[in-house]
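Atoms within a ligand are numbered from 1 in the order they appear, just like the ligands themselves.
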Amino acid sequence: MELTPRLADRNSAPTTIVTAGTAVFGDGGFALVGGPCSIESAGQIEAAAAGVARAGGAMLRGGAYKPRTSPYDFQGLGDAGLPLIAEAGALHGLPVVVEALAESHVALVAAYADMLQIGARNMQNVPLLRAAARTGLPILLKRGPAATLDELLFAAEYVLVEGNGKVVLCERGIRGFDAQTRNVCDLAGALRLKELSHLPVILDPSHASGRRSLIEPLVLAAAAAGLDGALVEAHPDPSTALCDAAQAIDLEDFARIAGRVRVLRSALATADREAADAAEYDTESAIR
Ligand code: PEP
Ligand code: MN
């Protein structure tokens, strides 16, 4: 195997900015994507869209096809979910991201979504990666639960070699031994990805932790650390969520997180400006 990916490598291109409709990843901002694990009804996804838009979220998420551990659990609405999320997004001015679980879904998902999600379980599904890439849509590529960073970058490479440079990488937790959190949130790994690649990197704290109580601090950590955004499961009524209820936050929490991210980023920008001003003052005094 070649040791470094050719196109995803940091040195192969300037920092990549990926746009999905009005959502922007990698421009120095922080794109907060929110919405339920699965699209459940027109009313549910519309309420989620309203809450995400009100909070200033960048994009609406929702799954139509769910890769559940058990075949007896809710599998998503399937094709019928796609027009529901597209309409909810359009109504509230939000672009939408939906997972294509199989190659056979790609064309239909692409007809309704602004961005295609490739799920963790499919990170190395090469025919799916190639088919998704060929739609020309931006791709949200999740790290596999047991994939190394290099394997994730080579998975991205499969999209890039198809001529589609619009890839956003997503850390969503890797398999660990401790059941106290659903997965191990590899924040350091996500930051390392930004050193290794020019592609934007976001964090999914929902699948990484599996716990509602940990979503806010993890999003703040991602924003403070300089990641490019977060993908957060938010539901109008988490207690009734048909999928991943324990990690779903409500829309009030989503709005509070969005507000705190804005304040945090502006405080960091102020600190950077003050440091730059102080350095300039020092240089001027040295010249005089
Ligand atoms: C999801 O985003 O709902 C999902 C199924 O995520 P993952 O592929 O990371 O498990
Ligand atoms: Mn989920």
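Salt bridge status for Asp253 with Arg260: absent, with no side-chain N to carboxylate O gap under 4.0 Å. Taking 4.0 Å as the cut-off between side-chain N and carboxylate O, Asp186 and Arg143 count as a salt-bridged pair.
Remark: at the Mn ion (ligand 2), atom OE2 from Glu233 and atom SG from Cys37 enclose 90°, rounded to the nearest 10 degrees.
Distance OG/Ser12 to CZ/Arg6: 11.5 Å, rounded to 0.5 Å. Rounded to the nearest 0.5 angstrom, Ile249 CD1 and Leu214 CG are separated by 12.0 Å.
Side chain of Lys66 to main chain of Gly78: no donor-acceptor pair is present (N/O by atom type, distance under 3.5 Å, no hydrogens or angles). When atom types are taken as modelled, the side chain of Glu171 and the backbone of Gly173 share a donor-acceptor pair closer than 3.5 angstrom.
The nearest N, O or S atom of His207 is closer to the Mn ion (ligand 2) than 2.8 Å.
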**Study point:** Test log, rule side chain to side chain contact (heavy atoms under 4.5 Å, CB included), inputs Arg211 and Gln180
**Key:** CA-CA 9 Å; Arg211 287 183 180 272; Gln180 287 294 339; 3.4 Å; yes
Ligand 1: protein N/O within less than 3.5 Å of ligand N/O:
unit_1, atom_1, unit_2, atom_2, d
ligand 1, 2 (O), Arg61, NH1, 2.8
ligand 1, 2 (O), Gln117, NE2, 2.9
ligand 1, 2 (O), Lys142, NZ, 2.9
ligand 1, 3 (O), Arg61, NH2, 2.9
ligand 1, 3 (O), Lys66, NZ, 2.8
ligand 1, 3 (O), His207, NE2, 3.4
ligand 1, 3 (O), Glu233, OE2, 3.3
ligand 1, 6 (O), Lys142, NZ, 2.9
ligand 1, 8 (O), Ala120, N, 2.8
ligand 1, 9 (O), Lys142, NZ, 2.9
ligand 1, 9 (O), Arg172, NE, 2.7
ligand 1, 10 (O), Arg121, NH1, 2.9
ligand 1, 10 (O), Arg172, NH2, 2.8

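Nearest N/O/S atom of Asp244 relative to the Mn ion (ligand 2): this is OD2.
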